[in-house]
Structure formats: structure tokens, C-alpha cells
Amino acid sequence: MSELVIFVVAGAGALAGALTLILAKHPVYSALGMLGTLFSLAVLYVSQLAHFVAAVQVVVYAGAIMTLFLFVIMLIGVDQVEDTSETIRGQRVGAIGVVAAFAILSGYLWLSGIFSWEVVGTGTEPVNGSIEATGQLLFAEWVLPFEVTSLLLIVASVGAVGLALFKPRKAEDE
Amino acid sequence: MMPIWLALAKVLLAFVVGLGVVVLLVWFERKIVSDLQNRIGPNRAGPFGILQTVADGLKLFFKEQITPSRVERFVFELAPFLAVVPALMLFLVVPIARPIEITLDGAPYLLSFAALDINVGLLFALAMSSIAVYAIVLAGWSSGSKYPLIGGVRGSAQAISYEAAMGLSMVAVVMWVTTLPGVTDMGAMSVNEIVLRQQGTFFPDLLALSWIPQWNLIPQFPAFVIFMIAIFAETNRAPFDLVEAEQEIVAGFNTEYSGMRFAMFFLAEYLNMFTMSALAVSLFLGGWGGPFLDTIDGWAATALSFGYFLFKTGLVLFLFVWVRATLPRFRYDQLMQLGWKRLIPTALLWLILTTLVVSFREFGAPWA
């Protein structure tokens, strides 16, 4: 019963934060909305006994990343017109191609049945979300996916920088 | 399972201790600074001016709260609360006295004096200290004025820069206490557990040296130095008080605040100082530990351990005040240089060294 109450309250908080994020006129309020969502999710993690994930959620997302967002919003100022010009030739076609390739790959994986969804913790046994258990899983069983994910994040951030900063040689000369 | 009234009582006790210490701390700081500057300091309200803070608090309580016309009202009113709440929450994980065995509902129960004795205590403390910066950032932005905005932007950059070093020094401590000789069970990320593992002595067999307590301060001294520098920066105290540098940006993020709202920022700053000092005491100075605790028992020992805790925290707080009265403020580029080019590399290096020592201790030498 108490879990239901927590779920409803925190879930409503997460939804309200998400709506604020996309509907707010001012970017700072958007950031605050996102902050609300992150905290509500942390509460939900606690109610699932995943204390470690909840703490990390607050330390990393609320503490570091959102602070950085706010910093950037304030430093750049909010009156800037967003630059939506495309700097890489054919980037739209390229993006569609990459998405199609990803769809084909994931569709193949799904149909071939190599991977299956694993649902944990539906039984009576509670999931152990302590630091020790999480550490064991992360650094023993799931160490390769974990490291690959970090590689993916680096690729994504390099890609974002490339999209924003890459200028064709010709445009530079003009 | 802890009954709910006990949990409430613990939280209430933590708040009372926190707020009580803050009232004394403001007076303590003014007295020490005036001594260091060859002045007299507050000496009118109460004996030695000890009630000066109460008088100032009452004055601020009755003052008008001015709301400038260009503020973002909702955030402007929210920011002071965001300052106080994390500061109080952080204090919850710090054990303030030795646990005592009591009888609860007819069964023996080990009553710990950390209001929130959780497995991820240290991460919780890190989380609270990292969200404390929102108060400064949002107060600076919502004031709708130049100087507060500059203070707010400075605050966010500073917090991000020094949090990494603080976290890394904590990791070294956690690894150290997790693999202490004789420890068989795993993790020690609960602050309570870290304090417990610092009781006793390094040399139980040598009578001549058995007075040296088993504090992390000795094996983890570099981590202690990094941690202290980082908490000075995290609490925005001199020489890192760039967010409210009076000579440059009026009063920084709280320029437009007055009355009770200003008092809340003031309260939060001193609460942060106290809680961070208490955390430093718990991580490095053996928390509530001290001599003669084992010779007495019951509530007397608990009271004595609380006294040790307050005494040690007082020493760290004196360091805060001493540094404030001694060192000039950093320039902004110096602050960034120190954080990114000195502190974080040093912390990483120390972490690697600690890892080596810890793995030797845990698995033996690789050639053996």
C-alpha cells in the first residue's frame, strides 16, 4: 500500500517535471523541471530498494550534469537564436541511412532470438540493490556491456561536437 | 526495524544539534576572527556576547523582505529553502555519538546516533553536497541582477571543479577501511561503519605506541588534505568565497536578498561548514572515538563520545575560521588551476597508490 502511494506521488512528480521540461518558456525552468523528474526517479529507485542507483542518480545527474546545464544556460544567455544550419553536406541523408541500418540490425537481432528479455525480481525474492551486489554484477558479469556503453557515450559526444563545430573547408574560405 | 517515533526523534535530535551548533558557531567565528585581528568582537549580548547571534537572528526575522521588481519570483523564493534543506540532510548520516545497547520492546537494540544509518551513507552525503550548489545558482539567476548572476555562475563552476577531488579522496578512504586487517565483511560506505572501523589503535601489541589511535588521518593524510581543501571550496568559505566576493560583486548571489531569506542563506553557510567538518571528523579523525571510552559504559560513555565529537569538530571549525582570517581570496583562474591541475591529479595519484597498497594487503605481493 505504502509502495503504491510512493509510486503515485513520485510518478506524478516525474511526469510534472517532464511536462515542465518540454513546455516551459524559459530554459532555466526546463532545467528545473528535469531536476524534478530526476529526483522523483531517485525516490522510485529507493522504493525499489536500489539505494545505490538512487544515490548515483542524484550525485551524477542532479549534482553534476544538471549543474553543468544550468551553468551553460546562464553563461551563454538565453536570448541566443538557435543555429540550425547543417554544416556537414548530406547529413540528413546520412542520418536516415544510419537509422535504417540500426533498424535492420536490431530487427535481425530481435527475429533471430539471440537475445531474450530477462525480467528479474518478479518472484518473492527481493532484488538486492546494495553497493556490493551492484558492484559484483557490474564488474564481473556485465563488465563488457558496461565498458562498451562508455565507448558509445564517447562516440556520441564526439559526434555532437562534430555536428556543431565541423565546417567544410569551402565555407571557411568565404 | 526501527520504530517510526525513534526515527523522528533521531532526525529531531540531528536538527537540534545542527541548529544549536550554528548559533554558537557564528559567535565563535566572530570572536576568533576579532582575536586574530586584535579587536574585541561581540561583547554586549549575554556573557562574552554569546547571545549576539540570537539577537541578530531576531532582528533579521523582523526585517522587511524586499523583493526587487525584476526577480523570477517562484525561484527567488524557493532558493533559500534549497540552501537549508541539503545542509540539514547531510548532517543526518553523521554519527554524533557512540552507539548504545538499549532494550526496545523487550529485545536488545543497538541504538546508533546517526539519524540515517544507510549503506550508501557516503554517497548520500556527496549527493547532498552536490545539490547544495543549486541554491546559489538559482538565487543568483532569479535575482535578475548582474552581480548575483556572476556569483551564481562562479558557484556552479566552482562546485563542479572541486566535487571530483572530494569524491576521489573519499574513495581512497572507503578502500582503505574496507580492507583493514581483520575485517572480513565487505563494504564500508556507511559513515557509521567508517567511524567504527577507526576505533582502536594501530599498534595493539606495542604498549609504548598503543596511544596512537587508528584514525584514517595517519595512513590517508594526503586524502585528508585534499578533502579539507575541497570542503573549503564546497562550502564557499575563504579563500574560495568567490561567489560572494564583497570587493568585486557586492555580496554575490545573495545581494538582492534581505530579512529572513538572507538569514536562511547565512544559516545554510554555517550549517554546511559544521556538517562538512563533522564529515571530515568522521572520515579521518575517528568520529566520536577518544580515550577512556572503554573504561566507562552506558549513557556516560555515549555522552563522553558526543563530547569528543563536538571537540574534534570544533577543532576543524577553528581551522575554517583561522584560514578565513589568514588567507586572501583566490583569483578566479587560480581557483580553476588549483582544482583541475593540482587537486584532481593529486587525488587520482593518491587513489592509485592506495589501490596498490590495498591490493597488496588483500591479495599479497604478486611475486609471492
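Since we're looking at a predicted model, the values are computed, not measured. In what follows, chains carry the letters A, B, and so on, assigned in the order in which the sequence lines appear, proteins first and then strands, with residues in each chain numbered from 1.
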With a 4.5 angstrom heavy-atom cut-off, is it the side chain or the backbone of B:Val133 that approaches chain A, or both, or neither?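 Only the side chain of B:Val133 comes within 4.5 Å of chain A.
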If I measure from the heavy atoms of chain A, does B:Leu149 come under 4.5 Å with its side chain, its backbone, both, or neither?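 B:Leu149 touches chain A through side-chain heavy atoms alone.
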Which pair of non-hydrogen atoms, one from [X] and one from [Y], has the smallest distance, and what is that distance?
X        : Y        : answer
A:Leu70  : B:Leu138 : CD1-CD2, 4.3 Å
A:Ala55  : B:Ala127 : O-CB, 4.4 Å
B:Tyr134 : A:Thr67  : OH-N, 3.4 Å
A:Ala62  : B:Ile131 : CB-CG2, 4.2 Å

Applying a criterion of heavy atom separation less than 4.5 Å, what residues of residues 148-157 of chain A form contacts with chain B?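 Residues of residues 148-157 of chain A touching chain B at under 4.5 Å: none.
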Residue [X] excluded, over 12 heavy atoms near [atom1] under 6.0 Å:
X        : atom1 : result
B:Phe74  : CZ    : no
B:Phe360 : CZ    : yes
B:Tyr147 : OH    : no

Let me confirm one number: the OG-CG distance from B:Ser142 to A:Leu32, rounded to the nearest 0.5 Å.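 With rounding to 0.5 Å, OG (B:Ser142) is 10.0 Å from CG (A:Leu32).
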All side-chain hydrogen bond (donor to acceptor under 3.5 Å, both in side chains) counterparts of A:Tyr29, not counting sequence neighbours: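 Checked A:Tyr29 against side-chain hydrogen bond (donor to acceptor under 3.5 Å, both in side chains); matches are B:Glu72.
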Counting C-beta onward and ignoring hydrogens, is there a side-chain heavy-atom pair between A:Val28 and B:Val75 closer than 4.5 Å?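 A:Val28 vs B:Val75: side chains apart.
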Less than 4.5 Å to any heavy atom of chain B: does that hold for the side chain of A:Phe69, its backbone, both, or neither?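 A:Phe69 has no heavy atom closer than 4.5 Å to chain B.
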So which part of A:Leu35 gets closer than 4.5 Å to some heavy atom of chain B, the side chain, the backbone, both or neither?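 For A:Leu35, the contact with chain B is made by the side chain alone.
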